[in-house]
Structures are given as structure tokens and as C-alpha cells.
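A note on names: the letters A, B, ... follow the listed sequences, proteins ahead of strands, and every chain is numbered from 1.
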Amino acid sequence: MSVDTVTRLRLLAAGLHTTLYAEERLELPYDKVWAVASDLAGELPHLVPLLREFRVPPGDADRKRALAVGPLGCRSAFEVRLAPGWCLMQSRLVVGGMAAEPEGDGTRFAMLGAARPAALRPVQWAYALGGRRSRAFIRKVALRAALRP
Amino acid sequence: MSAGMDGSAGEPQPPWDAVAGLVRAARAGDALAMDEVLTVVTPYVTRLCRPIALSHCEDAVQDALTAVFVGMRGLRDPQAFYGWVRTVTVREAVRVARRTAVEQAVDPDEVARLRGLVGVGDAELSAQVRDVLARMPVHHRAVLVLRELEELDERSAAEVLGIAPGTVKSRLHRARSAFRKAWQQ
């Protein structure tokens, strides 16, 4: 038995003690949802505030190094793990993740965000908007998936 | 009887020494390391949960893994990870099984079905074995898993379950005698 990708992301959220985690059922087919979520270079800048560009090398490799570019041109290197229904990204400062599983005609979709340095954790906990922000992210994914042909 | 319960004894264990490094990184907030720990530890947690929690194995695995990941940061010695995961998992599996199961005494006639255990690996429990195990008290199943699958001594099994070594001994005696009868028939 192996755990499904959404459960896996929930377990990582528990391990990272993050409040920035949410999962929802979307009334959209899995393929459409995951086409948006896995298009990191094309979609992440639309989904994540203050992200101008996310450069990912092309190809189907499950391990990649990406470069995030902020609004003022500041750059952060990310390690990325990408598999069907699974995306985990990590820089020196932050962790981001997405997971999706087909659920009937719809999709169960989850997102995770966390600050890495221990010094930032109290800030993360105090930032009570975690749940709201992550649900807003999921709604954006659903909107962009619905717009796809 | 030990041969039956140990049907999977030759199965390679996860590389626990290598995991210690990953556990250190995971405790420091490295999500990629945490993900690798999850990959390594899930089959082991499943192997422990299946004979104890039976049809509620999936719930037990998720609860055990959650307890492992929530508690990992407080683990002082990453080298002790293996034993700690075992303790956490067996306790969670027993908790889930007790929450969900209606315990019944073992019917002696049913014990004969345990012959099906011979040669059964841990990948799947046969329906017969599952059925007979389901009739055993949860704590008997937990003792069997710790003593026969994990090969712990009585004292260590008692520590994991939070009971006296003498209780482990008596529970194991009753469970073993049931198995012995089955193979002698």
C-alpha cells in the first residue's frame, strides 16, 4: 500500500507544521486540473502573488532545478520534484507543493506552502490567513483549469 | 509456528542508517528529505499495521504516518528512528483497531484456518488469516506482530505496548498455543 498524493502532501504539511495547507474537491476533470498545476513556467506566475517568472528547464525529468524571479528581479533557486498528481518545490527559504487525485468525475486538489528557516515559523503561525490564502490559490487553479479548452 | 509468522523475515529492511541523515534534514524543515523519509517508511508502517488493524489498515497507516511526521521534530536521536517508528506505529494501529473493531474470542475451529499463514508473505494477508486474526483481541495481534514479525524480546515488546513483560508473555502464550494447535491437527 502506498499513500495517495493528496494524503502525502497532507503528511508533509503535518511534518512541516505549516498552516498554509488546504485541499478541496474541484468539479473539473483531473487531466484539466493537473495540466494547469504541472505547467509551472506558464501558470505559477498567475497563481502565486509576487512571482514574475518561474524558469524550469524543458523535458519530462522528475527532478529539476528551477529559478523563481520576483517583481524586483530577485532570484531564488528551487529544487523541483514533478510526477503525475505531485509537485514539490523547495528553495532555501520556502517550500511549495501541489497534489491532485481523480475523485469520481472531479478532482481532489491540495496545496501546501511553508517557510523553511526556523526563525520564520512563528511568523508563519501568526499569519492567520494561511487557510484563506491557500484556498484562494486553489480557486485560481480551478478558474484557470476551467478556462482551458 | 514461528516459520509461519516469519514468512517475510527474509525481506530486506529499509536502509535505516541512510534514513538517519534524511531524518536530520527533515527535522530541519527540508521537505524533499521528508518526502524521501515518507517513501522509505511507508512500506514498513504498512507491514506493521496490516496484521493489527486489518480492514482498517489504511486508516492506521495514515494515523501512524501523521504521528511520525508530527513527532519527528522532537526525536532526539535520528539513529533511534527505526525503533521509534515501530513504537508509534504499533500504538496507532492498536488504537485504530480498538476504536473500530468489536473484539471476539478466538473460535478453536477457526484456528485451523491459520494453516493458511504458512508461506504467506506480508504483502497481503490471505482472507482466511485475516478472518482468524480479526477474531483475536487486538493486543494479541500486536504482541504477535512485535514478537514474531519484529522479533523483539518480551521486555522490548512490553515497552512498545506500555504493558508488563509478564502480560506480553501470557498473551503470546495464548496466541502461540492457538497457532500450534492449528499445525498439529
Is there a donor-acceptor contact under 3.5 Å from the side chain of A:R10 to the main chain of B:T66?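 Flag not set: sc A:R10 to bb B:T66 has no pair under 3.5 Å.
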More than 12 heavy atoms from other groups under 6.0 Å of NZ on A:K32: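 Enclosed.
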Please report the shortest heavy-atom distance between [X] and [Y], naming the atom on each side.
{"X": "A:L12", "Y": "B:A31", "value": "CD1-O, 4.3 Å"}
{"X": "A:L11", "Y": "B:Q62", "value": "CD2-O, 4.1 Å"}
{"X": "A:V95", "Y": "B:G29", "value": "CG2-O, 4.3 Å"}

Using a 4.5 Å cut-off on heavy atoms from C-beta on, say whether the side chain of A:R8 contacts that of B:L65. no
Is there side-chain contact between A:R116 and B:D30, with at least one heavy-atom pair below 4.5 Å? yes
Between CG on residue A:L16 and CZ on residue B:R73, distance to nearest 0.5 Å: 7.5 Å
Mind ranking B:V68, B:V45, B:T39 by heavy-atom pairs under 4.5 Å with chain A and telling me who comes out on top? B:T39
Out of curiosity, does A:L93 fall in the hydrophobic cluster containing A:L40 (side-chain heavy atoms, cut-off under 4.5 Å, transitive links)? yes
Quick check on the hydrophobic clustering: are A:V69 and A:L51 connected, directly or via other members, by side-chain heavy-atom contacts under 4.5 Å?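 In one cluster with A:V69: A:L51, no.
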Using a 4.5 Å heavy-atom cutoff, which residues in residues 75-83 of chain A come close to chain B?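 If one takes a 4.5 Å heavy-atom cut-off, the residues of residues 75-83 of chain A near chain B are A:E79, A:R81.
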Identify which part of A:R63 has an atom lying under 4.5 Å from any heavy atom of chain B, answering side chain, backbone, both or neither.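 It is the side chain, since no backbone atom gets that close.
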Run the side-chain contact (heavy atoms from CB on, under 4.5 Å) test on A:V3 and B:E58 for me, step by step, so that the C-alpha distance in whole Å, both residues' side-chain angles and the decisive distance to 0.1 Å come before the verdict. CA-CA 8 Å; A:V3 294; B:E58 199 173 330; over 6 Å; no
Scan the side chains in residues 97-112 of chain A for donor-acceptor partners under 3.5 Å anywhere in the protein, sequence neighbours excluded, and list what turns up.
residue, atom, partner, partner atom, Å
A:E101, OE2, A:T5, N, 2.9
A:E101, OE2, A:T5, OG1, 2.9
A:E103, OE1, A:R25, NH1, 3.3
A:E103, OE2, A:R108, NE, 2.9
A:T107, OG1, A:L28, O, 2.7
A:T107, OG1, A:Y30, N, 3.0
A:R108, NH1, A:E23, OE2, 3.2

Please flag which part of B:M34 lies under 4.5 Å from any non-hydrogen atom of chain A: side chain, backbone, both or neither.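 B:M34 touches chain A through backbone and side-chain heavy atoms alike.
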